[in-house]
Amino acid sequence: MPELPEVETLRRGLAEHLVGRRIVTVELRLPKLVAEGRLEELEGATVTGVRRRAKHLLIDTDRATLLVHLKLAGQIALRRADGASLAVGGHPVPRFDAPLPHRSTHLILGLDDGSRLYLTDIRHFARVWVLPAADAEARLAALGLGPEPLDPAFTPRVLAEALAGRRRPLKPTLLDQTRVAGLGNIYVDEALWRARLAPTLSAGDLDTERVERLHAAIRAVLHHAVTEGVAQVLDGRAAPGTSFPAVHGREGQPCPRCGEPVRKARIGGRGTYTCPSCQPVEHT
DNA sequence: AACTACTCCTGGAGGC
DNA sequence: TGCCTCCAGGAGTAGT
């Protein structure tokens, strides 16, 4: 999916154009997209806000909350009546400027100004929940999500507490949404590279200085992705001539910091990219 | 507690 | 061009 920066970028775009709009039509093309609730409840509802928690997108209306998880390959696009793009984010396939609906478009919401919101997912993993607002909150609470890394409350101390006592390696620990919310495979690799930490280091063994480095790196990588708009154009692999991602998807290419070839390994079942020189495996 | 394997799907890339 | 294999920005479940 769409990790935190992609969902946040999407949230901002949708909030700008969706709040105050009334949903007039609902077209569901893939019934299993709906994990709970009835989309018909949204017909006639007015959007009151668009929020994000971890990788979840919440579209609040005066009738119910539409909770969306894009998983690995979900994409949401908001198009004006004339087809012009108002907001788009998530997985870059189909291309953000491709004609819609795509054959993998599973949901279309028609708004009162003629614009349409398309949810497309080539892998059919994305899910939505239509819930009373309180139930949406309860559902999120039940997930036990960890702290939001871009929240001011996310301090080095909070990160230290999230990692304390964990014997698993950093990579799977940081992917665990109950430790830190919103990180995914790309941004974990980028943050660890930036912090010069090997993904195999035991999470609970980091000293204060390393925790502070990791904290700063997580914030910097996410903040950069959101503010520089890289989250909107990122296509899962490094484009030639660009500086992001620094290591993810760049096996064999020179580390931007030291020139050593980037190495790919499998850690916790996930493709993991590191600079073996910048991220030494020695511990303590 | 934590590890692995497996599941839900399709598309794109790379090898031949 | 086509066929084949592998991999993929997530996360839940089951078995060890």
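The chains referred to below are lettered A, B, ... by the order of the sequence lines, with proteins before strands, and numbering in each begins at 1. The figures that follow rest on heavy atoms only: side chains count, while hydrogens, waters and symmetry mates do not.
In terms of the salt bridge (Lys or Arg N to Asp or Glu O under 4.0 Å) criterion, Arg167(A) has no residue partners (sequence neighbours excluded). Take His124(A) and apply the ring-ring contact (aromatic ring centres under 6.0 Å, His included) test, not counting sequence neighbours, and it matches His106(A). Partners of Arg127(A) by salt bridge (Lys or Arg N to Asp or Glu O under 4.0 Å), not counting sequence neighbours: none found.
As rounded to whole Å, 15 Å separates atom C1' of dA11(C) from atom CG of Leu183(A). We find that CD1 of Ile76(A) is positioned 19 Å from P of dG9(C), with the value rounded to whole Å. If you measure from atom CG of Leu33(A) to atom P of dC8(B), you get 18 Å, rounded to the nearest angstrom. Rounding to whole angstrom units, NE2 of residue His124(A) and C1' of dA11(C) are separated by 18 Å. For Arg53(A) and dA11(C), the CZ to P distance is 12 Å, given to the nearest whole Å. Rounded to whole angstrom, the span from the CG atom of Asn185(A) across to the P atom of dA8(C) amounts to 8 Å. If you measure from atom NZ of Lys171(A) to atom P of dA11(C), you get 13 Å, rounded to the nearest angstrom. Atom CD1 in Ile267(A) sits about 17 Å away from atom C1' in dG9(C), given to the nearest Å.
Residues Leu175(A) and Arg123(A) each lie close to DNA chain C; by heavy-atom proximity, the contact nearer the 5' end of the strand is made by Arg123(A). Mapping Leu143(A) and His91(A) onto DNA chain C by nearest heavy atom places His91(A) closer to the 5' end of the strand.
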Only distances under 3.5 Å count here; give the side-chain donor-acceptor pairs of residues 264-275 of chain A to other protein atoms, sequence neighbours excluded, each with its distance to 0.1 Å.
{"from": "Arg266(A)", "atom 1": "NH2", "to": "Gly269(A)", "atom 2": "O", "distance (Å)": "3.2"}
{"from": "Thr272(A)", "atom 1": "OG1", "to": "Lys171(A)", "atom 2": "NZ", "distance (Å)": "3.2"}
{"from": "Thr272(A)", "atom 1": "OG1", "to": "Arg270(A)", "atom 2": "O", "distance (Å)": "2.9"}

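Taking the six-membered ring wherever Trp is involved, the centroid distance between the rings of His248(A) and Tyr187(A) does not fall below 6.0 Å.
The gap from the P atom of dT4(B) to that of dA8(C) amounts to 16 Å, rounded to the nearest Å. Look at the P atom in both dA5(B) and dC7(C): the space between them is 13 Å, to the nearest Å. Using P as the reference atom, dC6(B) and dC6(C) are 14 Å apart when rounded to the nearest Å. Here, dG12(B) and dT1(C) have their P atoms 15 Å apart, quoted to the whole Å.
Heavy atoms of Pro94(A) sit nowhere under 4.0 angstrom from any nucleic acid atom. Among the protein residues, Gly271(A) comes within range of the sugar-phosphate backbone only, with heavy atoms under 4.0 Å from sugar or phosphate atoms but none that close to a base. Contact annotation for Arg127(A): no contact, since no heavy-atom pair falls under 4.0 Å across all strands.
A sub-4.0 Å separation between OP1 or OP2 of dG10(C) and a side-chain N or O of His69(A) is absent. Taking only side-chain nitrogens and oxygens, Arg266(A) never comes nearer than 4.0 Å to OP1 or OP2 of dT4(B). Between Arg103(A) and the phosphate of dT10(B), there is no side-chain N or O to OP1/OP2 separation shorter than 4.0 Å. In terms of phosphate contacts, Lys55(A) brings a side-chain nitrogen or oxygen within less than 4.0 Å of OP1 or OP2 of dG10(C). Proximity of Gln177(A) to the phosphate of dA11(C): a side-chain N or O atom is located under 4.0 Å from OP1 or OP2.
Cys278(A) approaches Cys258(A) most closely through the heavy-atom pair SG-SG, 3.8 Å. Shortest non-hydrogen contact noted between Ala246(A) and Trp193(A) is CB-CZ3, 3.5 Å.
Side-chain proximity of Leu72(A) to the nucleotides dG10(C), dC9(B), dA8(C) is greatest for dG10(C). Of the candidates dG9(C), dA2(B), dC9(B), the closest approach to any side-chain atom of Arg166(A) belongs to dA2(B). Nearest nucleotide to the Lys264(A) side chain, out of dC9(B), dA8(C), dG10(C): dA8(C). In this structure, of dA11(C), dG9(C), dG11(B), it is dG11(B) that holds the atom nearest to the side chain of Val93(A). Nearest nucleotide to the Ile122(A) side chain, out of dG11(B), dA2(B), dG9(C): dG11(B).
Stem regions annotated for DNA chain B: B:2-8 with C:10-16, B:10-16 with C:2-8, counting only runs of 3 or more consecutive pairs of Watson-Crick or G-U type with both contacts under 3.5 Å.
No hydrogens or angles were tested; on distance alone, nothing pairs the side chain of Arg168(A) with the base of dA1(B) as donor and acceptor under 3.5 Å.
Of the residues Arg53(A), Arg51(A), Arg219(A), the one that meets the salt bridge (charged side-chain N to carboxylate O under 4.0 Å, His left out) test with Glu148(A) is Arg53(A).
Within the hydrophobic cluster formed by Ile, Leu, Val, Met, Phe, Trp and Tyr side chains joined at under 4.5 Å, directly or through other members, Leu58(A) is accompanied by Leu67(A), Trp129(A), Leu131(A), Leu140(A), Leu143(A), Leu145(A).
Aromatic stacking is marked for Phe125(A) over dC8(B), as both cut-offs hold: 5.5 Å for the centres and 30° for the planes.
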